[in-house]
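Taking it in order: structure first as structure tokens, then the write-up.
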Amino acid sequence: MARKANPDPQELLPLPSALFHILVALADRERHGYGIMQDIAARTDQKMRLSPGTLYGSIKRMLAQGLIEESEERPDPDLDDERRRYYRITDFGRRVAAAETERLSKLVSQAVASLLPGSRPV
Amino acid sequence: MSDRFYRLLLLLCPGEFRDEYGSEMARLFRDRCRREGTLRVLLEALPDLAIAAVREHMETLWKDLRYCVRLMRKSPGFVAVAVTTIGLGIGANTAIFSIVNAVMLRPLPYSDPERLVGIWGIPPSRAGQSFLSPASFLDCKNQGHVLEQTEGLEYETINLIASAEPVRVGGARVSAGIFSLLGVPPLLGRTFLADDDRDGAAPVAMLSYRLWQQQFGSDPQAVGRSVTLNGRVHTVIGITPPILQYPLNGPEVWTPLAMSAKESQVRHTSNFQVFARLKPGVSAAQAQAELTAMARRDERLYPQYVNWSAKVILLNDQMVADVRKGLLVLFGAVGLVLLTACSNIGNLLLARATVRRREIAMRTALGASRSRLVRQLLTESVVLASIGGAAGLVLAKWALKALVLVIPPSVLVRSRGELDIDVHVMAFTLAASLLAALVFGLAPALRTSKLDLNASLKEAGRSAGTGSRDRRLRNALVTSEVALSFLLLIGASLLMLSFWRLQNVSPGFRTEKLLTFRVALPESKYKDQLVPTGDTFVWSDRQVPTFYDELLERLRSLPGVNAAAASGYAPFTSENNSATFETEEARYMEGKTPPRDVPMAFFRPISPNYFRTLGIPLLRGRELTARDNEYSPPVAVINEMMARRFWPGQNPIGRRFRTSTKFPWRTIVGVVGDVKYRGLGVAAIPEMYFSYPQALWPQHAMTVVLRTSGDPANLAAAARREVLAIDPDLPIYDVRTMEDLVYRSLAGPRFNMLMLEIFAGFALVLAAVGIYGVIGYSVTQRTHELGLRMAMGAQARDVIKLVLREAMILTSIGLAAGLVAALVATRLLSSLLFAVRPTDPGVFVAVSVLLTAVALLASYIPARRATRVDPINALRCE
């Protein structure tokens with residue numbers, strides 16, 4: 001699929017929540033599939049656990065959209081000797097994640113203003 | 001264990017996705033199982049995987065569809081040809097399937113139809129099946145242990161006066177339970193009660209839906225009104241729903257049977273159609289066994305039942321018995337047409353694959369797997385077939401409208417007027433389209449996707465991919481087209497020859513310029529009895545013969561009428577009646593054991609001048625005249641077949657026979673030629689003609705036949721006036737010319753022939769197009785070789801010969817394959833053929849010649865083109 005040279009992050013918003021979580025999980029470092037899943041589970045108090053179909057379906061789409069890219073295959077020292085595929089966030093992915101974060105915080109501010117008058121947004 | 005299960009489930013996903021992420025997904029699954037417990041993860045992962053599989057498949061499909069639409073936009077010509085071909089093929093299949101569906105597959109609209117049976121008598125001659133006598137009907141009703149309920153009816157014709165004009169309608173006297181037997185409630189009012197079905201009960205009637213519309217304008221107040229049926233006032237108690245058309249022969253007026261004690265003893269006439277419901281769990285075979293046993297017993301008890309047997313037929317089977325064969329042949333034939341169309345499109349796709357080789361190679365180089373390519377190519381085929389299928393559906397809808405005009409009535413009546421495209425037909429069309437897509441798309445897809453990448457990319461753009469396997473596949477396809485069209489052409493030609501022979505069968509009389517119509521005197525008004533007394537007969541009132549004598553006298557004096565006569569049962573109608581008899585030489589009726597083969601003949605009460613009016617040749621003796629009446633000694637004229645069967649090698653004139661001990665002996669005074677009363681294709685059987693004042697019973701209903709000098713149809717109005725002049729309450733009905741009757745009698749064979757001709761014609765065109773395409777392609781491929789040959793001095797003639805030889809080889813192989821198939825398949829046709837053997841050598845030779853000629857013609861155009869190859873150019877471009 002051909003990608004535009006300078007894609008606008010706004011075109012991809014709002015981002016499906018699975019995609020946003022994956023971007024957040026990859027923001028600080030490269031991870032393999034199981035690592036992404038674990039990270040998301042930890043962030044959401046174990047409430048969100050991605051199953052393989054959802055995770056790799058999302059990864060496939062994000063690769064096509066240029067949000068993430070594959071880094072080299074290597075074993076995870078914490079798990080076993082099997083080689084795993086690692087993914088890292090791209091610059092474009094970072095910009096999209098930032099744009100989505102901004103969109104969400106605006107939404108949260110508005111929600112706080114109308115639902116919880118008097119308190120200040122975090 | 002669960003790991004392996006998960007890997008197995010991964011097969012649900014598209015190959016591309018699985019190849020890319022399958023092992024990662026399995027690993028993730030395993031990791032989670034280790035930490036969180038197998039069952040929990042499995043329960044989560046299963047729906048997740050199912051959703052992912054569907055999503056990935058839809059994504060691929062969507063991509064393929066978009067690609068396919070882009071591609072099709074680029075080659076509208078190809079799409080038009082493919083869609084038209086497949087549309088015609090699917091349309092024809094859908095139309096024929098609609099008929100099969102309406103006639104054979106739809107269950108009867110009665111409750112528990114699989115337990116409903118018809119009970120029939122099998123006459124000693126074993127020719128066909130007959131209704132039962134009133135007494136036999138009661139035997140079945142009262143003694144049949146395996147039958148839950150048995151009901152019967154007698155058809156009659158009724159002069160109905162509801163408003164002003166008297167009309168003639170079909171009616172039925174039915175036993176009261178017939179409606180509950182079929183499980184059909186009345187549309188309005190009530191059905192008959194046991195009380196109505198008593199001798200002497202107040203006369204009541206039910207009307208058909210159609211009659212209620214026509215005569216009462218669908219007025220609900222019609223129930224409770226009075227109508228006059230055959231001169232007797234009846235109260236209308238209910239309206240029957242329209243679904244009662246079949247198995248009942250479309251009666252418009254229903255009255256209770258109300259049998260008299262005397263009628264319930266009658267065993268010498270077979271006038272009751274009998275239906276029964278089997279007890280739950282009882283098979284038709286068990287019922288058959290019981291009825292056979294009853295027939296054996298009756299044989300010993302009643303002499304008139306000697307050699308009779310009984311037959312139980314499931315109503316579902318009875319309904320289609322006589323049309324099933326023809327319909328299945330048509331269905332098979334139209335399936336062959338679709339196959340031919342598929343071969344043709346397969347060939348088109350292969351030809352296109354050559355053009356697309358570069359594109360395919362490119363995709364392969366970019367990492368598309370073979371299965372991915374096959375999938376995409378098949379998607380294209382499915383899209384083509386779906387458009388074709390949709391076009392076919394529309395086409396079939398139109399075709400059905402036209403088909404209704406040519407479908408024989410015997411088929412149409414069984415479709416119960418519901419010949420339409422319903423859910424089943426649509427499902428069939430969908431299935432046929434998908435199957436067609438697979439048939440025409442799979443081989444080219446497999447072939448196209450498997451290519452030598454290097455060679456293709458290098459050669460791309462030029463005449464690449466001339467692989468011999470490619471060629472072989474195309475040749476195989478076109479050969480199969482030739483074989484299929486050969487098969488269809490043979491079928492069509494056999495039916496054509498058969499029809500031609502059937503049409504040329506002499507009916508035994510001159511059919512042109514004859515008008516026929518029927519008159520039925522109501523028995524309530526014409527209360528005549530014919531009593532045999534020793535040597536002659538006595539008429540109680542002589543109203544019936546007087547009426548017909550006067551009518552014929554009046555008709556003869558009409559301008560334009562050359563001759564007039566009447567007969568109880570006319571040719572090419574289903575009206576027939578037979579009687580057993582004994583000859584003076586071989587008597588058995590008084591006490592002796594009847595012979596194994598009881599003498600039987602059809603009898604026809606006729607007026608004077610009957611033979612002369614119809615043009616039936618008198619072979620010996622004399623005709624029946626007005627002097628052969630109740631006062632003179634009873635006489636008979638017999639047909640040639642009867643003379644030959646019962647007095648072989650002798651002169652039958654002066655011999656005597658009688659139909660029962662109650663009737664006087666009749667002397668044979670003449671022999672006439674055989675007449676094909678029951679249809680041109682049905683062999684003549686023994687017939688005896690009696691003068692109607694000397695018939696077996698008063699002949700209230702007769703068919704009048706007029707020989708005219710001009711167009712017979714013009715005399716219908718005058719004839720009607722003459723009838724009304726004698727009795728103003730009397731309608732005439734079934735007004736037809738004899739030629740029309742003959743034409744109608746051939747409706748079945750004509751329909752089969754017409755359909756097969758259309759199918760074969762279509763297949764022939766497809767085969768011609770196929771040959772043209774393959775040979776044209778081959779010429780293009782061989783440009784270099786042909787150019788070289790011409791450079792070496794080959795003449796145009798030599799080149800043409802070379803190309804035609806290739807076409808002839810393909811055609812010959814196709815013909816040979818078709819020949820083998822035809823020798824097997826045409827056997828299925830044999831019961832539809834008349835005086836033609838299914839392996840008629842003339843037909844086989846003619847069809848082979850025709851196909852060869854068409855193949856030569858189709859390949860001549862590319863052959864001519866080959867001669868225009870410029871040797872220099874041809875050599876340079878290599």
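Proteins come first, then strands; the chains are lettered A, B, ... in the order of their sequence lines, and each starts at number 1. The basis for the numbers below is simple: all heavy atoms, side chains too, and nothing from hydrogens, waters or symmetry mates.
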Open item on the list: With a 4.5 angstrom heavy-atom cut-off, is it the side chain or the backbone of Leu55(A) that approaches chain B, or both, or neither?
Closed with: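 The side chain, not the backbone.
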TODO: Counting only heavy atoms closer than 4.5 Å, note whether Arg55(B) contacts chain A via side chain, backbone, both or neither.
DONE: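 Only the side chain of Arg55(B) comes within 4.5 Å of chain A.
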Task: Contact class of Glu44(B) relative to chain A, heavy atoms under 4.5 angstrom - done: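 Both the backbone and the side chain of Glu44(B) come within 4.5 Å of chain A.
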- [ ] For the residue pair Tyr34(A) and His32(A), categorise the inter-ring angle as parallel (less than 30°), tilted (30 to 60°) or perpendicular (more than 60°).
- [x]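 It falls in the parallel class, under 30°.
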Task: Donor + acceptor pair across side chains of Gln10(A), Arg103(A) (<3.5 Å) - done: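 No pair is found: no donor N or O on one side chain lies under 3.5 Å from an acceptor on the other.
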TODO: Flag the pair Asp31(B) and Arg84(A) as a salt bridge only when some basic side-chain nitrogen lies within less than 4.0 angstrom of an acidic carboxylate oxygen.
DONE: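 Salt bridge: yes.
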Task: Lys/Arg-Asp/Glu bridge criterion (N-O < 4.0 Å) met for Arg85(A), Glu20(B) - done: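 Here Arg85(A) pairs with Glu20(B) in a salt bridge, since their nearest N and O are under 4.0 Å apart.
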